[in-house]
Amino acid sequence: MSVKASVSISEQQDAYVRDLVDQGRFSSVSAVVQQGLDLLRKQDETELLEAAALKLLLEERMGGPFVTHQAFAQNTADMLAQKRHDLGLEG
């Protein structure tokens, strides 16, 4: 179901939208606006999911064991050395 709405856009936006329609990329100005709103909605949903995933990760990390700076640095150096070895980049 479609709902009619009136929106105001700048002259630049209008020229861009009409150019997209003229190029045949969209069937109408409404189709361009609908696609733009769908993309914005998807972007918002993605950002919410990413924020929730980050929150869960941070909560998990906060509840886990503490790693000292020295242990972290050593673990990182060991991991890089192993990767260099695996790729034959030692020397």
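Computed over heavy atoms, backbone and side chain alike; hydrogens, waters and symmetry mates excluded. None of the values given here were measured: they were computed from a predicted structure.
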In chain order, what residues pass the side chain to side chain contact (heavy atoms under 4.5 Å, CB included) check against A81, with sequence neighbours excluded? none

Looking at Q23, I'd like to know if its CD atom is crowded, meaning that more than 12 non-hydrogen atoms belonging to other residues, nucleotides or ligands lie closer than 6.0 Å. yes

Going by side-chain heavy atoms closer than 4.5 Å, which hydrophobic residues are tied to L54, directly or by a chain of links? L58

Could I get the full list of side chain to side chain contact (heavy atoms under 4.5 Å, CB included) partners for R61, not counting sequence neighbours? L57

Residues in side chain to side chain contact (heavy atoms under 4.5 Å, CB included) with A31, at least two apart? F26, S27, S28

Under a single-linkage definition using a 4.5 Å side-chain heavy-atom cutoff for Ile, Leu, Val, Met, Phe, Trp and Tyr, are I9 and V29 assigned to the same hydrophobic cluster? no

Let's go through D86 and Q82 carefully: what are the C-alpha distance in whole Å and the side-chain angles of both, what is the deciding distance for side-chain hydrogen bond (donor to acceptor under 3.5 Å, both in side chains) to 0.1 Å, and is it a yes or a no? CA-CA 6 Å; D86 294 346; Q82 182 63 50; 2.7 Å; yes

With sequence neighbours excluded, tell me which residues meet side chain to side chain donor-acceptor pair (under 3.5 Å) with D78. Q74

How would you list all residue pairs meeting salt bridge (Lys or Arg N to Asp or Glu O under 4.0 Å) that involve residues 43-53, not counting sequence neighbours? R41-E45

As an exercise, state the distance from CG of D38 to NZ of K42, rounded to the nearest 0.5 Å. 6.0 Å

Could you go through L80 and R84, starting from their C-alpha distance and side-chain angles, then the distance that decides it, and tell me whether this counts as side chain to side chain contact (heavy atoms under 4.5 Å, CB included)? CA-CA 6 Å; L80 291 172; R84 282 190 203 98; 3.9 Å; yes

Once you round to the nearest 0.5 Å, how far does CD of Q43 lie from CG of L48? 10.5 Å

